[in-house]
Amino acid sequence: MSQQSCSADQLAQLFGPNTTNAQAAATLICDQFAAVVRNFTDTGYAIDNTYLLFSAYLVFSMQLGFAMLCAGSVRAKNTMNIMLTNVLDAAAGGIFYYLFGFAFAWGSPSNGFIGKHYFGLTDLHSDNLDYSNFLYQWAFAIAAAGITSGSIAERTQFVAYLIYSSFLTGFVYPVVSHWFWSPDGWASAFKKSDLLLSTGVIDFAGSGVVHMVGGVAGLWGALIEGPRIGRFDHAGRAVALRGHSASLVVLGTFMLWFGWYGFNPGSFNKILVAYDSGNKYGQWSAVGRTAVTTTLAGSTAALTTLFGKRLISGHWNVTDVCNGLLGGFAAITAGCSVVEPWAAIVCGFVASLVLIACNKLAEMARFDDPLEAAQLHGGCGAWGVLFTALFAKKEYVLQVYQGDQSRPHGLFMGGGWNLLGAHVIQILVIVGWVSATMGPLFWGLKKLKLLRISSEDELAGMDLTRHGGFAYAYEDDETQKHGIQLRKVEPNASTPTTDGGL
């Protein structure tokens, strides 16, 4: 909001010669005007912080979506284990992002590689950062950790989850977010000068920063662990180990869809910004456009996957459609604020094809990811980074990132090659950084025998062997205490049996 001022001396000169104590009257008027201006300023801060907090709550609700999606995608015998890891991704991530992560990501002033201030949120308050910023960025950090947990599901020791989640949210992810989002980051599009290739990287909500980081980390975890027992037969052919609940998969997908409206539009951080004062079009309109592009990309990817998988497998598979939908969301996340709605449809269409191709390659390479997380978030996230470099519109880039009229934008929109070059660099450095940090971590855990559970525990299921019982009650223990047993009816038996089963 523009700042208004009132000068009592100048105002007093406007009063006529018959005005009694013109200076005092002018001072009173200016004091009242200043009070009104302060109220408007306070209201602006309150509106923007309320918007950011609401967006943070939406992004955090995605943890419930991750938990339900993961639970439905694994076998029933591992349900409690995967839900517990999702809870602890949020809890451990909260502590380590508070102690280290936020400082590494946003501590300013700093160098281009890593932040150096705000450890434990010390001296946090500034013109640009407050507690609401911490909450919002924490929700992003634990989303990256949640992606990785899906890749290594059903065969990973619980202690390994805690170690990798803490390391990812406390160090690996924050460094990447500093590079591309902090005004001090070496490749950030928000820098005031010395932009990478004169443009910086436009990864608005994190196709690269969040999704590629989580996907590449999951790739290394799943590669180093190896596939689940029974995932491939002796001839190397893939064997489907289907999740136990399509209902939970759909519930989780809709929760993630809902949360994505905080993930993408919320990344503006503010809503009360006028692009042209007095005009109905401002950042509030850009927020709406971002929600629309997000919706169109996900919807297009879902429909493309539906028909594409129908042609390949001959089935209308709801789980495939849900994964396609999420792949479209992961892809549009980078460019959601700077592309036209029609371009979002292109993004979603290609994202679906990328996901199908990545899944085929994973099967050929005997790579086992129970949630297709590495393929979905890593592959579609990388496509989203490239898509933005091709379709970013000049008008929207200038609104979101400022700069002069010569600032590079999308290649297909007449903006030259600079943005595409910067985004290729982003993909390469993310793959390199995450591989150099998370790869050795998973390898070290394997050497210390802290990564994978035993074959016996894996076959029996981690809920029973590691967590004290199954997530679902298959029989009522109270009825057993009173001598009542549920009877199981065998399909070919003429009379019920009394073996205590269902």
Side-chain angles (χ1 to χ4, degrees), residues 45 48-63 66 87-149 162-191 201 203-206 208-214 217 259 262-264 266-270 333 430 433-434 437-438 441:
Y45 280 121
D48 286 337
N49 274 274
T50 299
Y51 174 72
L52 185 58
L53 283 171
F54 177 70
S55 298
Y57 304 151
L58 285 176
V59 178
F60 178 70
S61 74
M62 296 175 77
Q63 290 303 118
F66 278 126
V87 173
L88 290 178
D89 278 340
I95 297 300
F96 280 86
Y97 198 72
Y98 160 76
L99 292 174
F100 310 107
F102 189 77
F104 289 150
W106 299 98
S108 182
S110 67
N111 55 52
F113 179 77
I114 194 169
K116 301 187 294 184
H117 301 279
Y118 310 141
F119 291 97
L121 300 187
T122 303
D123 300 324
L124 173 62
H125 294 289
S126 69
D127 291 338
N128 298 314
L129 292 176
D130 203 345
Y131 291 114
S132 54
N133 298 93
F134 166 79
L135 194 73
Y136 187 68
Q137 296 302 328
W138 159 73
F140 271 62
I142 61 176
I147 292 168
T148 306
S149 66
L162 288 175
I163 293 172
Y164 99 77
S165 181
S166 301
F167 186 57
L168 185 67
T169 55
F171 180 64
V172 177
Y173 164 81
V175 170
V176 177
S177 62
H178 180 81
W179 293 348
F180 301 111
W181 285 345
S182 170
D184 297 324
W186 64 269
S188 173
F190 293 104
K191 288 181 69 176
V201 170
D203 187 3
F204 184 70
V209 174
V210 179
H211 296 285
M212 279 193 66
V213 168
F263 205 96
N264 286 3
S267 291
F268 280 97
N269 291 339
K270 299 178 180 179
T333 296
I430 287 178
W433 169 252
V434 179
T437 51
M438 296 302 293
L441 175 67

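Just so you know, residue 1 is the first one in the sequence shown, and it goes up from there. Note that the coordinates shown come from a computational prediction; the quantities given were computed from them, not determined experimentally.
Of all heavy-atom pairs between A90 and Q63, the closest is CB-NE2, 4.5 Å. Residues G112 and H178 come closest through the heavy atom pair O-CD2, 3.5 Å. In terms of heavy atoms, A205 sits closest to N264 at CB-OD1, 3.4 Å. The two atoms that bring G146 and S149 nearest to each other are O-OG, 2.7 Å, heavy atoms only. Between D184 and S108, the closest heavy-atom pair is OD2-OG, 2.7 Å. Closest of all the heavy-atom pairs between T169 and G93 is OG1-CA, 3.5 Å.
Side chain of T437 to backbone of V434: a donor-acceptor contact under 3.5 angstrom is found. With N111 contributing its side chain and F113 its backbone, the two residues share a donor-acceptor pair below 3.5 Å.
Taking CG of L88 as the start and OG of S166 as the end, the distance is 9.5 Å to the nearest 0.5 Å. Atom CG of D203 sits about 8.5 Å away from atom OG1 of T333, to the nearest 0.5 Å. Between M62 atom CE and I142 atom CD1 the span is 10.5 Å, to the nearest 0.5 Å. Atoms CG and CG, on D48 and L52 in that order, are 8.5 Å from each other to the nearest 0.5 Å. Distance check, rounded to the nearest 0.5 Å: OG of S188 to CH2 of W181 gives 10.5 Å. Note: Y45 OH to K270 NZ = 7.0 Å, rounded to the nearest 0.5 Å.
Separation of the W138 and F60 ring centroids falls under the 6.0 Å cut-off. Ring centroids of F102 and Y98 are separated by 6.0 Å or more, keeping the two rings apart.
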* Apply side chain to side chain contact (heavy atoms under 4.5 Å, CB included) to L441 and L168, showing your working. => CA-CA 10 Å; L441 175 67; L168 185 67; over 6 Å; no
* Given side chain to side chain contact (heavy atoms under 4.5 Å, CB included), test Y136 with S267 step by step and report yes or no. => CA-CA 9 Å; Y136 187 68; S267 291; 3.2 Å; yes
* **Worked check of side chain to side chain contact (heavy atoms under 4.5 Å, CB included) between Y164 and D89** => CA-CA 10 Å; Y164 99 77; D89 278 340; 4.0 Å; yes
* Asked: Does the pair F134 and Y97 meet the rule for a side chain to side chain contact (heavy atoms under 4.5 Å, CB included), with working shown?
  -> CA-CA 9 Å; F134 166 79; Y97 198 72; 3.6 Å; yes
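More than 12 heavy atoms of other residues, nucleotides or ligands lie within 6.0 Å of CZ in F167, so this atom counts as buried by the packing criterion.
The aromatic rings of F104 and F100 sit parallel, their planes meeting at an angle under 30°, below the 60° perpendicular limit.
When each of Y173, W106, F263 is paired with F140, the ring pair (Phe, Tyr, Trp, His ring centres under 6.0 Å) condition holds for F263 and for no other.
Scanning for ring pair (Phe, Tyr, Trp, His ring centres under 6.0 Å) contacts around Y51 gives an empty result, with sequence neighbours left out.
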Quiz: residues 117-124 side-chain donor-acceptor pairs under 3.5 angstrom, not counting sequence neighbours:
from: H117; atom 1: NE2; to: P109; atom 2: O; distance (Å): 3.1
from: T122; atom 1: OG1; to: F119; atom 2: O; distance (Å): 2.9

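By the 4.5 Å heavy-atom criterion applied to side chains, W433 and V213 are not counted as neighbours. The shortest side-chain heavy-atom distance between S177 and Q137 does not fall under the 4.5 Å cut-off.
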